[in-house]
Amino acid sequence: MAPAVNPATNSAISAGALSGVRVLDFTWAVSGPTATMMLAGLGAEVIKVESPRRPDVVRRNPPLMASTNRQKRTITLNLGHPAAIDLAKRLVAISNVVAESFRPKVMDGFGLGYRALREIREDIIMLSSSMAGQHGPSSHFAGYAPMFVALSGLGEMTGYEDGPPAQIRIGADIVAGVHGGFALLAALFHHQATGEGTHIDLSAIESQSCLIGDSLLEFAANGTSPRRTGNDEPGVAPHDCYRCAGDDRWVSIVVTSDDEWTRFVGAMGNPAWAADPGYADAQDRWHNRQRLARDIETWTGARTASEVTATLQSAGVAAIPSYPADELFADPHIVERDMVANIPGPARVWPVIRLGGKLSRTPMVVDRACPNMGNDNAYVFQELLGLSEDEVLGLEEDGAFA
């Protein structure tokens, strides 16, 4: 693969495992940009395509824009203009990956569908990410994250027993994005081994459904439709968030065995309520979990979440605070692990969570938030495509970038 960018001008790209990979990114909102953000974090040069007429909707949420589009370059192309389509095709010719997250057939309408792109570059890898995939009765439906969850079956299982389904929002987008990033890495590995391209048809609904495979199998095998259980785990108690001292402060506690229960009770100082016959074994505790939760909160409610965590963890019992943002960013473990990077954006510095894991040989670099729209027009159109300054100015005046 041809080098994506001069290493002397971009240390982040030269350092990563995907150095030399170029991605032409037509994705918008959250799920598609998350997939390409993963490649950018691994060193690929990602060129985000937008238009002032149709900007990425996430630009109205600057923190989300800074996070999902970090490490990327950004250009403007008016895909309703023939010259812009020609420029897009020229960029395809020097790219390894094209990613889009429109409804099916939209890219075909621009003349930028997978078949058309293969005529430009036979080994191109293309990610087409949509709510329901590229074919099927629901493929033409519009939808956002709550629809992904509702149609996947996950929404019906998420929430409290006496409440409505909880339609997860950003989390569902990110799940689909991570699946897209994983699929792109697999396609790049396949290309490395065979020289062949790949078209990835990613359904956001299916990305959520695969998280509940055991529940789907339970229905298929037994006809049992799993229902909402809140924070409960069948047969396990304590297994919940418990109120602590302070305003809206909570701690998560899980006890999975009788041995852990004994240590849990001892760490609390062997309160009298713990000897209740209704808590004698795991099944008893499960059946009486609501009463157990009230008893536990007589102890946790008099202590901070940090105090509860320290006491229980010292006894080998799983417990951790449910952190608000200010306490999360100040947590010594989070600080030592460099989980949060403060990176410059166009108007301010953003605290951004790095990708998971630390690679010893090819570090994942986070040093730039998403730039302003069109920030890299000169680099992309003049340096990469070789247009003169006058040609770029003429295309701009003609509306190819607007």
**Neighbour count >12 (heavy atoms, 6.0 Å) for atom NE2, H135** = no
**Fill in**
Heavy-atom nearest pair, S51 first then L77, reads CB-O, 3.4 Å
**Item:** side chain to side chain contact (heavy atoms under 4.5 Å, CB included) evaluation trace for R73 with E45
**Value:** CA-CA 8 Å; R73 298 187 182 276; E45 181 186 43; 3.0 Å; yes
**Asked** Nearest 0.5 Å, what's the CG-CG distance between D398 and L393?
**Response** 11.0 Å
**Request:** Evaluate whether atom CZ of R115 has more than 12 neighbouring non-hydrogen atoms of other residues, nucleotides or ligands under 6.0 angstrom away.
**Result:** no
**Request:** Determine, stepwise, if the pair D240 / R289 fulfils salt bridge (Lys or Arg N to Asp or Glu O under 4.0 Å).
**Result:** CA-CA 10 Å; D240 207 340; R289 61 191 179 279; over 6 Å; no
**Message:** Could you tell me if H191 and T198 have a donor-acceptor pair between their side chains, going purely by distance under 3.5 Å?
**Reply:** no
**Asked** Are there more than 12 heavy atoms of other residues, nucleotides or ligands under 6.0 Å from atom CD of Q283?
**Response** yes
**Asked** Do the side-chain N and O atoms of Q382 and N377 include a donor-acceptor pair separated by under 3.5 angstrom?
**Response** no
**Request:** With salt bridge (Lys or Arg N to Asp or Glu O under 4.0 Å) as the test, would you mind laying out the steps for D258 and R285 before giving the verdict?
**Result:** CA-CA 10 Å; D258 288 336; R285 292 191 292 275; 2.9 Å; yes
**Asked** Do S257 and D259 have side-chain atoms, one donor and one acceptor, less than 3.5 Å apart?
**Response** no
**Prompt:** Under 6.0 Å from the OH atom of Y144, do we count more than 12 heavy atoms belonging to anything else shown?
**Reply:** no
**Asked** In this structure, which one of V254, V255, T256 forms a side chain to side chain contact (heavy atoms under 4.5 Å, CB included) with H239?
**Response** V254
**Message:** Looking at W350, I'd like to know if the NZ or CZ of R70 sits under 6.0 Å from its six-membered ring centre while staying within 45 degrees of the ring's axis.
**Reply:** no
**Request:** Fit a plane to each ring of F110 and F102, take the angle between them on a 0 to 90° scale, and name the class: parallel (under 30°), tilted (30 to 60°) or perpendicular (over 60°).
**Result:** perpendicular
**Item:** Donor + acceptor pair across side chains of T74, N372 (<3.5 Å)
**Value:** no
